[in-house]
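Written out below as structure tokens is the structure these notes cover.
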Amino acid sequence: MHPKELVTSTFRQRFGKEPAFVALAPGRVNILGEHVDFNDGFVLPAAIDRATYIAFAPANSERSTLVAADFGEQASFTLASIPTKTNADGAPLAEWAYYPAGVAWALTEADLEVRAIDAVFASNVPQGSGLSSSASIEMAFAVAWQTLSAVEGSAVEGSAVDGAGWVLPPMQRALLGQKAENKYVGVNCGIMDQFASACGVSDKLLLLDCRSLEWQTLPVPEDVAIVIADTSVRRKLTDGEYNKRRQACEDAVKILSQHLPNVRALRDVSVDDFNRLSNQLPGVVEKRARHVVEEIERSRRAIPLLEQGKIREFGQIMNECHTSLRDLYEVSIPELNVMVEIAQSLPGCHGARLTGAGFGGCTANLVEKSVAEAFAAELARQYEAKTGLKPEIYICKASDGARLV
Ligand code: GLA
């Protein structure tokens, strides 16, 4: 069942009323600029046509009741129980509930009203696949709470929005989601995922400067399909490997800024300076930071190529990015490497690399549109033959960001 139907029907069953609203927030695929968002670099994601859907209405009590339809589980919290990560009855919150509870926490911290909510959510963004399922949950709930802030009265079918609530621009909602993830969930992620989910634009890539937060759209090149290939291997970022790498980048900044006083982030280090000073860095720190410095340089080279329609050269840079994530940043796994190697050997593939944090999940491929279906079929066949795993491969459409539907 499509998640939109699933959340609506589950809402009716569970709460015995119609949902007042349904919202969605998409996942994202990142094309270039990996593990650079928290180093003030440039990223090039797109929101995808897979999303978290949420059916919701104001609750009749102080208590928010959240149903995760995909797991058949429920959590219920009050504003008082949120900071302690507990349900209203004092039992620990399930991990999936950290994301909505974290958003409620961040909104409260920002002095924005969080109405008690009855909600059911479900997603067709596969969890742990590098497509930002957690950011899409956060952004769906941010839209929901924003919507409820403007609802008159209590839970009735067709509740009217009176316009008197708080309204945050999408980028501000993204920043709140990032804060929820950093300070509540405990993953020190950057802004890319929440940004893409909040700000996505149909048929466009989103080029974000993670320092100034200025962004623009670039068209998905004509004749090019974005193909997402899911290795079906799952990962979890809460287990610490992501945070360790971010820490290594911060360690590198500390050391390099002793020699280069203007360095605030790895964004400020040129490749030449890095090469000159790299012997000052401990081995692992050097590798992690080299990936970041070179990746930021790659994005500077790549964007003009994309704008000029030089897709083959742009794709080459995506391939270099994968090698660097594999050998320097060390966030790839054998299945991702197999998926990328096969893709790169197939006709019509301009570039292929792991997308998102790594450790499992998906690859992003830019492929000639006319052969995209054949590419997907052959990639699936060869991947399964080599690994014994059944991948899911699909041609994705860049989509609009989080919104009511
Ligand atoms: C995860 C994080 C993002 C970003 C990517 C890697 O998706 O949530 O902020 O760091 O990894 O580019």
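We count ligands from 1, going down the list as the structure has it; atoms in each ligand are counted the same way.
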Find all atoms of ligand 1 within a distance of less than 4.0 Å from any non-hydrogen atom belonging to [X], and give their numbers and elements.
X: H35; value: 6 (C), 12 (O)
X: G190; value: 9 (O)
X: D37; value: 3 (C), 4 (C), 9 (O), 10 (O)
X: A357; value: 1 (C), 11 (O)
X: M192; value: 4 (C), 5 (C), 12 (O)
X: R28; value: 7 (O)
X: Y242; value: 1 (C), 2 (C), 3 (C), 4 (C), 9 (O), 10 (O), 11 (O)
X: F38; value: 10 (O)

Check for me whether the distance between the ring centres of F121 and W96 falls short of 6.0 Å.
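Yes - the distance between ring centres of F121 and W96 falls below the 6.0 Å cut-off.
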Could you point out which residue of D40, D209, D37 forms a salt bridge (Lys or Arg N to Asp or Glu O under 4.0 Å) with R267?
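One option only clears the test, and that one is D209.
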Assign the ring pair [X] / [Y] to parallel, tilted or perpendicular, where the plane angle (0 to 90°) is split at 30° and 60°.
X: Y53; Y: H2; answer: perpendicular
X: Y242; Y: F38; answer: perpendicular
X: Y184; Y: W105; answer: tilted

Mark the output for R245 as yes if a heavy-atom distance to ligand 1 is under 4.0 Å, and as no if none is.
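It does not, in that no heavy atom of R245 comes within the 4.0 Å cut-off of ligand 1.
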Quick one: are I226 and I31 in side-chain contact, heavy atoms under 4.5 Å?
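I226 vs I31: side chains touch.
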When you look for heavy atoms under 4.0 Å from ligand 1, do you find them on the side chain of Q194, its backbone, both, or neither?
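Neither; no heavy atom under 4.0 Å.
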Short side-chain to backbone donor-acceptor contact, E295 and E34, under 3.5 Å:
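Answer holds: yes.
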